[in-house]
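Right, one structure below, let's go through it.
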Amino acid sequence: MGCGGSTLENDSPGLVLHKRDKIKINLHIGKEVKILSTRPQVIVVFGGPGSRKGKLLDDVSHVYGLKLISTETVLMEELSKKLENPNSSKRTEDIAALLKTQPELLRLQWIFGLICNQIEKEGKDNCILWDFMPNLKFLMTPFRNVKECENDFKIFENRFPISFAINFTVTSEKNILAPQCAVPKAAEPKETKTQSAQPKQSDEADTGRLAKRARLYAECVQIFTDYFAKREKLVSMDVSSKAKEDIWDKVCEFFSNLEVPHVRNVDTVIFFIFDDNDAQNYNTDFLDAKRVNVRDMAVNIAAPPEQIIPAVCKYIDDTYPIQKKFIVDLQQSAITRDCMKKDPKKVIQFRDIAENVDVQRYIPLQTKTKHKLPKVSALCSSENEVCLFPADVPHSLCKYIAGLYRAYQDYVISKS
């Protein structure tokens, strides 16, 4: 069986392929949005509570090889120098107390100067993602007092011109608070003074705090997003949807249109299969993943795993980054179920193997009807990578393949 698979009617009776409809992600791009030719290239990023900005920035920086600079991180490091004990376990509280008595420390021009210094350290040949607005309230509040920012940006851009800004927006408080409001009101118990009522009160308090943070963020950021909007250099992306894959697709589409090359893939799920029986048992034609075969890769299939797995990794990294789930067919290669006779001495950054896992936990089955598949073994790395194997594959081989995959990714990261 090659990459094309077999007919759905013969191999999978009763199953009908059903792909979900994509959610439309609203995106507005200013007329002057482009990657400037000057170096370093600077992209400013905004995103408030509920926007998943942190995860998006982390993924974008790794996939496209961009350097991430966080205003919050830079400020915390610099303000720590003004404390009597910079290494205290209560450093955050100490900095908050310091700013309460000396709020004048956080001047916009001083903050911009620190970011300029950090860009210098990162190197002028890089493309920089600048996470502009801090998340900590005591660092965010001073931005609300800014009445004018054009002069400060002008001074900054005389040193480092800004290509454009991205604003990850959440369009309503309802979307921000959705996780805390999942239980219908009709199902809520009546308020009492019993202990059982306390979690509900806590949830309401958390919800109120999150709403206040969202409003504070909106007040703080408005003048800065206006600066870029007036110059047609603002990208606004509505990330309110719970469809994380569709949001990521839109992000990748945007950077692809700007001709920003990607250097690797992230959060990958790779299901290694060994023969036709595996493909049929797990209904791979219906799994929402890209099917690839090592025979189609630039590698000698008779080579040992130490050569085949890096070739698999390179193929995945070269794949357009919206594709994160893969089924890798090792059929006819030197990697067979019995190619390992003993456990490897070292497994790089992978946790213990998880047995009897549902494959649909990681790769959805594209059918309307529920269908039970055989269990798999799973290895998950600290970098959110997952390697899956049929349950009968020896654990030593599972760990060895996963270790080779992680070692290659560490090599790629070290070179980026």
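Along the sequence shown, residues carry numbers from 1.
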Picking from Y217, F168, F46, what satisfies ring-ring contact (aromatic ring centres under 6.0 Å, His included) with F132? F46
Carboxylate-amine/guanidinium contact E219 R144, below 4.0 Å: yes
Taking atom NZ as the centre, does K55 end up with more than 12 heavy-atom neighbours from other residues, nucleotides or ligands that are less than 6.0 angstrom away? yes
Salt bridge or not between D296 and R291? Use side-chain N to carboxylate O under 4.0 Å. no
Can you establish whether the number of heavy atoms outside K244 located under 6.0 Å from its atom NZ is more than 12? no
Any ion pair linking K250 and E253 (charged N to carboxylate O, less than 4.0 Å)? yes
Establish, for the pair R231 and Y227, whether the NZ or CZ atom is under 6.0 angstrom from the six-membered ring centre and no further than 45 degrees off its axis. yes
Check step by step if side-chain contact (heavy atoms from CB on, under 4.5 Å) holds for L388 and S377. CA-CA 6 Å; L388 304 177; S377 299; over 6 Å; no
Is the shortest distance from a Lys or Arg side-chain nitrogen in D275 or R337 to a carboxylate oxygen in the other one below 4.0 Å? yes
For R361, does the CZ atom have more than 12 heavy-atom neighbours from other residues, nucleotides or ligands under 6.0 Å away? no
Test F274 against every option in D329, D392, L330 by the side-chain contact (heavy atoms from CB on, under 4.5 Å) rule and name the one that passes. L330
Applying side-chain contact (heavy atoms from CB on, under 4.5 Å) between L379 and each of V386, I401, I353, report the one that passes. I353
Pi-cation contact, W248 with K324 (under 6.0 Å, within 45°): yes
Ion pair present between D288 and K325, side-chain N to carboxylate O less than 4.0 angstrom? no
With F112 as partner, the option from F156, F160, F224 fulfilling ring-ring contact (aromatic ring centres under 6.0 Å, His included) is F156
With sequence neighbours left out, what residues match Y64 under ring-ring contact (aromatic ring centres under 6.0 Å, His included)? F255
Test P134 against every option in T73, I111, T71 by the side-chain contact (heavy atoms from CB on, under 4.5 Å) rule and name the one that passes. T71
Could you tell me whether D226 and K230 have a side-chain N and a carboxylate O separated by less than 4.0 Å? no
